[in-house]
Amino acid sequence: MIRHLFKLIWNRKKSNFLLITEIFFCFLVLFAVLSFIFYNVRNYTKPLGFKHESVWLLTMRPSTDSAALNHQNLEQVIQRVRAFDEVNHASLTTSNAPFAFSRMNTFLSYSKVKELVADEYHVQQDFKDVMQLQVSQGRWFGPQDDATHHVPIVINGKLKQQLFGEEDAVGKVFPKNDTINYQVVGVLDHYRASSEFSAEEPAFFERINLSESNTSFWSELLIRVKPGTGVAFEEKMVREISGISKDWTLEVSTLEKMRQSKSKLTLIPMIALGLVCGFLILNVALGLFGVLWYNISRRNGEIGLRRALGAASTQIYWQFIGEVLVLATFGLLLGVFFAVQFPLLQVFQVESEVYFTALLCAVGIIYLLTALCAFYPSRQAAAILPATALHEE
Amino acid sequence: MLKNYIKVAWKVLLRRRFFTFISLFGISFTLMVLVVASSLFDHTFGPQMPERDTDRLLFVNQMREFSEEGYSSSGPPSYYFLDRHVRTLKSPEEVSINSVFYQVNSYVNNRKLAIDIKYTDREFWDILEFNFLQGRAFSRQEVESASRVAVINENTRKQYFGTGEAIGQYIEVDQVKYKVVGVVENVPVLRVQSYADVWVPITLKSQDFNKPGLRGSYFATIKAKNSGDVPKIKAEYAAMMQELERQHSKDRSQLYSFPDTFLESIARTFLNNGKEPGVGLLYVLLGGLAFLFMLLPTINLVNINISRIMERSSEIGVRKAFGATSSTIIGQFLIENIFLTLLGGLLGFALSAAVLWLINDSGIIIYANLGLNLRVFAMGLVLCLVFGLISGVLPAYRMSRLHAVEALKGGSK
């Protein structure tokens, strides 16, 4: 039966050619959009590794060039901020705070692994309490790190896995540059700060020691406030800080706001793509429905003859559904051939799992869609009475 | 003849309502997406308030430095560079130096407003054509004396003063009080060169003026006397950069900075950052994207058209038997198809007007004011014709090749 169907389609390949190309392109579009969506959704469901609720980010832009003066002011500002009743913890950070738009990368090498790109974060000791991190192995930074030979770092699980594999990471020493070494003191299971929709990248933390030099300056301060603290406190805090720091430009933002604007960057293209894709599919489905209806209604004579020779109406029905599915299979075979190249060639560094799920879903949707489009015309064909059909002929 | 063809086309459309619906649906939605995209493009790059004379305006917003070791760094140029080297150019009519916009906070009645502030000189207001709703721009004298005056946009006025009077009142931004002297219409955020919520005199930032170095946080806006002068300005700018490169040859091997039209600067940033802006390449890429997007609906339309035309094989048979040539028949079907796409196009315009209204209303793009204008309409019309031609050629060609006898019998398979 199936071989017969293939033969039928093959014999009419010229007139079916356009339908097959249509299904082929439809599949490719679906595959691309689904891969994109699955990739983002998959990342979204993974843990971030920190809690961003009621954390504020204060950005300070000094107007003078005197590094010593700025450093002095910065120390006073931090002291003042920590002294507020509404503030639980505060920590300086480099500009790559969670959900910020800036990134800092560096290359790390350890034994066989060469030049692994890792995100570099510089934070103060309080950062752990500000972001409520969970250290799973080793320890977080402490006062004992003030005078160590190597630069102590805390790494995330992804970096541990890519740099050390299954080995125990805590205590490992590897070069930062020609003269200084890093030493791993702790491991966090997860830390994924750039966006909720981005994949986890290797990352490590270095400790900021403000008292080490009297000219150093960091322009971002992360502050964990008591839950429910509002804009009234923000205004008070900004007023007091500008009393200390004079002409600095101050900007306060909440991590929640930053999260929203960052996720917009992924969500809006995702929704727009989804809508455009949905429209394309609907368009194709309607077209397919129209064409199938027309094609099947032109074969009245053939149906009448088959019925007269004793074919049951369900047989006619399944023949037409089957024909359309075989048609879809031709388009899909071609499409799958191209789509499979993506996981095989590791395009875009996306896990193969995402591609394969998208591929299976796209195949499923196309089959479902074509079957739905063929449903009504086939039922009409099956309902034809042999006498009327043959009479028409 | 044309009238006849259109009459026939209209009758055919009415005969098979379902097919007509499918075709119109596909055409109108495809065109809607394309028109919305063209409108976004026009909104970003076309002449809009406040940058109306786009062919006379050039922007300097990048300075790239390449060191001997191969490091490169880029960002907006410094005031120092713009003041010494760009403001002194001979060929432009006027040059304005203005800062990038900064987001700062402002607190009003226990509410926080995040406001974008931009520091500008007097020339900024002469070169660009803002729509002043009230008041005026700050004067040359106010800039020179570093007065704390501000021009605010409509939205800031609403947030601060509600429906009350704004001119002469004070607003406090980033702990500094400014006197409002003017209110302008909102400028969309896509116009990064001019966009802000509050504009204040550049002299309030005078601590930046003497910082040496080529990179900083300033833009320059250059106005040419007429569009023919633009190449002259570019040439003078290039010569100036060459001279500058020579002076800095000790520490930097190459310096790149160009006065670009807005489209050129975007193309340069996204495509190559090289000597050529790459506008042509940008157009090719956009055209390619539009083509890929149209591909699926086109195949769909071709499919439907073939079915529709096959139904009319007896009609074609009769016409062929009475001596109509293949080209006449192809012509007829093409005209019919273009008529159909134009109908779909009309629907598409109506739909896109609704979608644009939705986008404006939703506030996804800050202060967006997307609309249909003559330029967008023309782009849409061209797209309609292309769409109609492509989807009509293949079915018409197939049909025209039928032999009269076969066609009269009811067409081939």
Side-chain angles (χ1 to χ4, degrees), chain A residues 11-12 14-15 17-26 28-29 58-59 61-65 230-232 234-236 238-239 241-243 246-254 257 264 268 271-272 275-277 279-295 297-298, chain B residues 16 18-23 25-27 29-30 32-33 36-37 102-115 117 173-176 205-208 210-211 217 292-293 295-308 310-311 355 364-365 394-395 398 410-413:
Chain A
N11 285 342
R12 291 162 48 88
K14 208 170 162 193
S15 58
F17 170 73
L18 274 171
L19 278 180
I20 293 176
T21 17
E22 196 172 340
I23 289 169
F24 165 69
F25 280 116
C26 195
L28 285 190
V29 169
L58 171 70
T59 309
R61 280 188 292 264
S63 50
T64 52
D65 282 333
V231 89
E234 190 182 319
E235 186 176 3
K236 182 176 133 198
V238 169
R239 261 182 219 291
I241 296 174
S242 56
K246 304 292 177 292
D247 295 338
W248 289 9
T249 303
L250 301 172
E251 190 188 323
V252 181
S253 181
T254 59
K257 253 219 179 99
K264 248 195 203 171
I268 290 178
I271 292 170
L275 283 179
V276 168
C277 173
F279 143 70
L280 279 180
I281 302 289
L282 180 64
N283 193 1
V284 167
L286 280 176
L288 207 62
F289 178 67
V291 172
L292 289 177
W293 193 10
Y294 174 75
N295 283 353
S297 69
R298 283 206 338 155
Chain B
R16 276 279 194 173
F18 182 66
F19 275 108
T20 312
F21 163 73
I22 297 174
S23 310
F25 173 83
I27 296 167
F29 265 75
T30 311
M32 177 197 83
V33 174
V36 169
Y102 299 95
Q103 197 181 65
V104 289
N105 295 336
S106 179
Y107 301 90
V108 195
N109 316 323
N110 269 340
R111 246 175 351 118
K112 176 169 140 183
L113 293 181
I115 281 179
I117 193 167
V173 179
D174 200 24
Q175 320 300 320
V176 180
K205 271 240 164 215
S206 57
Q207 70 270 12
D208 277 0
N210 289 314
K211 275 186 199 163
S217 51
L292 275 183
F293 171 72
L295 191 62
L296 205 47
T298 310
I299 299 177
N300 197 29
L301 202 60
V302 169
N303 246 329
I304 296 171
N305 280 344
I306 287 182
S307 307
R308 286 173 85 107
M310 286 299 169
E311 272 193 324
V355 169
I364 296 176
I365 305 166
L394 183 70
R398 266 208 195 173
S412 68
K413 279 192 273 189

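Below, chains carry the letters A, B, ... as their sequence lines are ordered, and counting in each starts from 1. The analysis underlying the following values was restricted to heavy atoms, covering all of them including side chains, and did not include hydrogens, waters or symmetry mates.
For B:Phe29, the parts lying under 4.5 angstrom from a heavy atom of chain A are both the backbone and the side chain. Of the atoms belonging to B:Ser106, not a single heavy atom falls under 4.5 Å from chain A. For chain A, the nearby part of B:Phe21 is the side chain; its heavy atoms alone come within less than 4.5 Å. Heavy-atom distances place no part of A:Thr59 under 4.5 Å from chain B, backbone and side chain included. Only the side chain of A:Ser242 has a heavy atom closer than 4.5 Å to any heavy atom of chain B. Residue contact with chain B, scored on non-hydrogen atoms closer than 4.5 Å, involves the backbone and the side chain of A:Val252 alike. If you measure heavy-atom distances from A:Arg61 to chain B, the contacts under 4.5 Å come from the side chain alone.
Legend: residues meeting side chain to side chain contact (heavy atoms under 4.5 Å, CB included) with B:Leu292, ordered by chain and number and at least two apart, are absent.
The choice from A:Val276, A:Ile268, A:Leu19 that makes the most heavy-atom pairs within less than 4.5 Å of chain B is A:Leu19. Listed options A:Thr21, A:Leu275, A:Val284 were ranked by heavy-atom pairs under 4.5 angstrom with chain B; first place goes to A:Val284.
Relative ring orientation between A:Trp293 and B:Phe18 is described as perpendicular, the plane-to-plane angle rising above 60° on a 0-90° scale split at 30° and 60°.
With a 4.5 Å cut-off on side-chain heavy atoms, A:Thr249 and B:Tyr102 do not count as touching.
Taking both residues in full, the closest heavy atoms of B:Leu296 and A:Phe25 are given as CD1-CB, 3.4 Å, listed atom of the first, atom of the second, then distance. When all heavy atoms of A:Leu286 and B:Phe25 are compared, the pair lying nearest together is CD1-CD2, 3.8 Å.
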What side-chain donor-acceptor pairs closer than 3.5 Å can you find for residues 297-304 of chain B, not counting sequence neighbours?
| unit_1 | atom_1 | unit_2 | atom_2 | d |
| --- | --- | --- | --- | --- |
| B:Thr298 | OG1 | B:Met294 | O | 2.5 |
| B:Asn300 | ND2 | A:Asn283 | O | 2.9 |
| B:Asn300 | ND2 | A:Asn283 | OD1 | 3.0 |
| B:Asn303 | ND2 | A:Glu22 | OE1 | 2.5 |

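Under the 3.5 Å distance criterion, with hydrogens and angles disregarded, a donor-acceptor pair is assigned to the side chains of A:Glu234 and B:Tyr107.
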